[in-house]
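Worksheet: one structure, shown below.
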Amino acid sequence: MTSRRREEILAAARELFLRKGYAATSIADIAATAGASKAVVFYHFKTKESIAAELLESPFTAVSRLIERAEARQMSAAQILTEYIDGAAETGALFVAFATDPSTAELIPEYDADAACRRIIELLAGPAATPTDRVRARAAFAVAQTIVPALQEYGGLLDDATRWEIRAAALRALGTGSGT
């Protein structure tokens, strides 16, 4: 029950942060949306900032886990791109909302995004990558990253067709076809 309640609080906070913004959302708002008391929210989280920090950690954790899985299982480029795009579609909207709000800049965790991006590109290029493979891998990853402006354009929600189009375009850039 406790972990379910914690997830309900996080889901309520995510919804409110996206809809109203961080500054305009109170602990009372989060509690009401989660169907809980403020005491229950404070039992699980010390502050509103700690709720935001946990929500903002998820995009970075998802990318790190993707890299670990790709290395351990030797995932195909199509699998890596699909998981990256789907993960970004699920967690990226909140990150984008916080990244574009100057009042929340200090809440975004320190993370070496450049190193993670380089590692994904290396995984896409493959172990015996030629210069052409590396160029195509960079292009494919750049296409996959169009998920961020797409999330901004569509209010943080992407349908399956849009995700598929981004994936197909990334696979074409990689030189592996349309992804069908």
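Computed from a prediction, not measured in an experiment: that's the story for all the values here.
- With salt bridges taken as basic N to acidic carboxylate O contacts below 4.0 Å, none links Glu122 and Arg118.
- Of all heavy-atom pairs spanning Ala170 and Leu81, the tightest one is CB-CD1, 3.9 Å.
- Here the closest non-hydrogen pair linking Thr47 and Ser50 is O-OG, 2.7 Å.
- Using a 4.0 Å cut-off between charged nitrogen and carboxylate oxygen, Glu8 and Arg5 count as a salt-bridge pair.
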- Message: Under the criterion side-chain contact (heavy atoms from CB on, under 4.5 Å), I'd like the reasoning laid out for Leu10 against Phe45: C-alpha separation, chi angles, the key distance, then a yes or no.
- Response: CA-CA 10 Å; Leu10 287 170; Phe45 300 95; 3.6 Å; yes

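- Arg65 is not listed as a side-chain neighbour of Phe60, based on a closest heavy-atom distance of 4.5 Å or more.
- The existence of a salt bridge linking Glu71 and Arg119 is confirmed by a sub-4.0 Å separation between a basic side-chain nitrogen and an acidic carboxylate oxygen.
- When side chains are defined from C-beta on, Met75 counts as touching Leu66, because their heavy atoms get closer than 4.5 Å.
- Atom NZ of Lys38 has 12 or fewer heavy atoms from other residues, nucleotides or ligands within 6.0 Å.
- A donor-acceptor pair is defined here as one N or O able to donate and one able to accept, closer than 3.5 Å; no such pair exists between the side chain of Glu83 and the backbone of Ile80.
- When atom types are taken as modelled, the side chain of Arg6 and the backbone of His44 share a donor-acceptor pair closer than 3.5 angstrom.
- Counted within 6.0 Å of CZ on Arg69, heavy atoms from surrounding residues, nucleotides or ligands total more than 12; the atom is thus considered enclosed.
- Arg167 places no side-chain N or O within donor-acceptor distance of the main-chain N or O of Ile85, the cut-off being under 3.5 Å.
- Proximity of Leu174 to Asp133: side-chain heavy atoms (C-beta onward) are nowhere separated by under 4.5 Å.
- For Lys46 (side chain) and Ile51 (main-chain N/O), no donor-acceptor pair under 3.5 Å exists by modelled atom type.
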- Does the side-chain contact (heavy atoms from CB on, under 4.5 Å) test come out yes or no for Thr162 and Glu165, once each step is laid out? CA-CA 5 Å; Thr162 303; Glu165 282 300 328; 5.7 Å; no

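- Using a distance-only test at 3.5 Å, with no hydrogens or angles considered, no donor-acceptor pair links the side chain of Thr33 to the main chain of Ile30.
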